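Note sheet for the following structure.
Just so it is clear, the structure is predicted and the values come from calculations on it, not from any experiment. Order of the sequence lines fixes the chain letters, A, B, ..., with proteins taken first and strands second; residue numbering starts at 1 for each chain.
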Number of protein chains: 2
Amino acid sequence: MRLDLGDYLPYLLNRAGTKIAVSFTAAVRQYGITLPMWRVLVALHYDEGQRMGQLGRLTSIDVSTLTRIVDGLENRELIERRRGDGDARSVRVHLTASGRSLTERIIPLAEHYETVALSGFSADEAALLKDMLRRLHDNMDELDETELPLANTG
Amino acid sequence: MRLDLGDYLPYLLNRAGTKIAVSFTAAVRQYGITLPMWRVLVALHYDEGQRMGQLGRLTSIDVSTLTRIVDGLENRELIERRRGDGDARSVRVHLTASGRSLTERIIPLAEHYETVALSGFSADEAALLKDMLRRLHDNMDELDETELPLANTG
DNA sequence: GACATATATTTGCATTGACAAATATTGTAT
DNA sequence: ATACAATATTTGTCAATGCAAATATATGTC
């Protein structure tokens with residue numbers, strides 16, 4: 001009764017993801033930001049003016065962690081918080097001009113990494129892989145909603 | 001010039017990986033261990049007596065972090081370090097009987113998560129996905145060996 | 001065999017991260 | 001209007017993380 005790591009999906013997923021993340025962390029470092037910061041910037045570039053909760057879900061970052069990342073980006077004037085949009089509890093996060101500019105300088109690098117990761121993949125294969133990753137995510141989403149798992153204490 | 005997150009591989013990869021990781025973290029917590037601890041245990045169960053360096057590479061955990069995770073597991077007597085195997089610099093990490101037993105109690109749960117993640121996938125699709133993830137990892141490996149990337153300061 | 005270089009692991013230290021509690025605001029029921 | 005639950009964000013606190021330096025051993029050179 002042994003788990004074959006080399007054929008175990010969560011392992012392969014984590015391994016591939018970590019590999020890209022470590023590599024890209026080194027790359028964005030040259031622009032003076034961390035990987036989580038990059039994720040926030042590109043998520044805002046993709047969808048401007050999100051609220052903290054949305055942004056946390058989109059980036060897979062816990063909101064309490066996100067608060068501090070946003071603090072850091074705000075201190076560097078790459079983004080700004082805007083309060084009071086009907087609901088005064090919420091905050092809208094916006095890119096500043098320089099935040100937008102920095103993000104757009106990094107995007108080509110990000111695309112390059114994707115290209116490298118997918119080298120040897122046909123366009124069809126790449127599309128298929130992405131689709132499967134979306135299905136994976138959706139499957140786990142459903143799990144969260146139903147099966148809140150409990151230990152087998154027996 | 002905008003990066004479409006919903007079709008950007010590193011994003012999809014991170015999102016799917018994080019989702020499984022968060023969910024499984026909650027699950028193993030009931031057994032009194034963290035996700036990184038689980039990764040170490042299952043990596044040892046898969047290949048007993050690894051050295052720190054190997055184990056770090058296999059689990060995608062930095063060795064300095066790994067040292068402390070191994071400390072924690074050793075304190076709970078789930079694993080043990082054995083020194084001096086020809087090369088006295090190195091350490092071999094072994095599961096104890098109770099470490100093995102704990103790991104084997106969790107393996108079915110781990111397999112369940114994989115099954116859930118892959119629900120709706122045919123066996124062929126699942127095999128294809130895993131194969132693609134291996135190719136992805138190998139592609140990034142080659143990048144590390146060649147392209148040590150520098151900022152475009154221009 | 002002493003000396004420089006390489007490899008394996010651990011430790012120091014500052015940063016990051018996550019859970020839980022606190023704060024602020026909104027919506028709802030009475 | 002008041003009280004109570006729900007939602008959005010931030011803060012407190014402490015453990016986890018990762019880089020760089022330190023330590024220990026091994027290997028190669030002269």
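- Using a 4.0 Å heavy-atom cutoff across all strands shown, A:G72 reaches no nucleic acid atom at all.
- Atom-to-atom, CE of A:M52 to P of C:dA24 comes out at 17 Å; the value is rounded to the nearest Å.
- Note: CD (A:E74) to C1' (D:dT9) measures 13 Å, nearest angstrom.
- In terms of hydrophobic clustering, with Ile, Leu, Val, Met, Phe, Trp and Tyr side chains grouped at heavy-atom distances under 4.5 Å, B:L66 and B:Y46 are assigned to a common cluster.
- The CD-C1' distance, from B:Q54 to C:dT9, rounds to 14 Å in whole Å.
- No side-chain heavy atom of A:L58 sits less than 4.5 Å from a side-chain heavy atom of B:R15.
- Take the nearest nucleotide of DNA chain D for A:D71 and for B:I61: the residue whose nucleotide is more 5' is A:D71.
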Report task. Evaluate the side chain to side chain contact (heavy atoms under 4.5 Å, CB included) criterion for residues A:N139 and B:L118: first the C-alpha distance (whole Å), next the side-chain angles of each, then the deciding distance (0.1 Å), finally the verdict. Result -> CA-CA 7 Å; A:N139 284 342; B:L118 289 174; 5.8 Å; no

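- Each of B:M37 and A:G53 was assigned the nucleotide of DNA chain D with the nearest heavy atom; the assignment lying further toward the 5' end belongs to A:G53.
- Between the side chain of A:R29 and the backbone N or O of A:F24, no donor-acceptor pair lies under 3.5 Å.
- Listed candidates were D:dT17, C:dT26, D:dA8. Nearest to the side chain of A:S90 is D:dA8.
- Heavy atoms of other residues, nucleotides or ligands lying less than 6.0 angstrom from CD of A:E77 number 12 at most.
- Taking each heavy atom of B:L3 and A:H45 in turn, the nearest pair found is N-ND1, 4.5 Å.
- Taking five base pairs at each end of the helix from C:dG1-D:dC30 to C:dT30-D:dA1 and finding the rotation axis that steps the C1' atoms of four pairs onto the next four gives two axes whose angle is 10°, to the nearest 10°.
- Partners of A:D138 according to the salt bridge (charged side-chain N to carboxylate O under 4.0 Å, His left out) rule, which considers only residues two or more places apart in sequence or in another chain, do not exist here.
- For B:R89 and C:dT9, a side-chain-to-base donor-acceptor distance below 3.5 Å is absent, hydrogens and geometry of angles not being considered.
- Across the protein-nucleic acid pair, A:I69 atom CD1 and D:dT9 atom C1' stand 15 Å apart, rounded to whole Å.
- Not a single donor-acceptor pair under 3.5 Å links the side chain of B:E104 to the backbone N or O of B:S101.
- The interatomic distance linking B:L55 (CG) with C:dA8 (C1') rounds to 13 Å, in whole Å.
- The side chain of A:R81 places an N or O atom within less than 4.0 Å of a non-bridging phosphate oxygen (OP1 or OP2) of D:dT10.
- At whole-Å resolution of the value, CZ in B:R83 and P in D:dT23 are 15 Å apart.
- Per the geometry, CG belonging to A:L66 stands 9 Å off P belonging to D:dT9, to the nearest Å.
- Checked against ring-ring contact (aromatic ring centres under 6.0 Å, His included), A:Y11 has no partners two or more places apart in sequence or in another chain.
- Annotation for A:A43 and A:L55: closest pair CB-CD1, 3.8 Å, computed over non-hydrogen atoms.
- Contact check of residues 40-51 of chain B against DNA chain C (heavy atom, cut-off under 4.0 Å) returns B:R51.
- Contact annotation for A:G56: no contact, since no heavy-atom pair falls under 4.0 Å across all strands.
- Rounded to a whole Å, the CG atom of B:D87 is 6 Å from the P atom of D:dA26.
- Ring-centre distance between B:Y31 and B:W38: not below the 6.0 Å cut-off.
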Give every pair of a protein N or O atom and an N or O atom of nucleotides 19-23 of chain C that lie under 3.5 Å apart, one pair per line with the distance.
from, atom 1, to, atom 2, distance (Å)
C:dC19, N4, A:S64, OG, 2.7

Residues 121-133 of chain B side chain polar contacts: donor-acceptor under 3.5 Å, at least two apart:
from, atom 1, to, atom 2, distance (Å)
B:S122, OG, B:D124, N, 3.4
B:S122, OG, B:E125, N, 3.0
B:E125, OE1, A:R135, NH2, 3.3
B:E125, OE1, B:S122, N, 2.9
B:E125, OE2, A:R135, NH1, 3.2
B:K130, NZ, A:D7, O, 2.7
B:K130, NZ, B:E114, OE2, 3.1

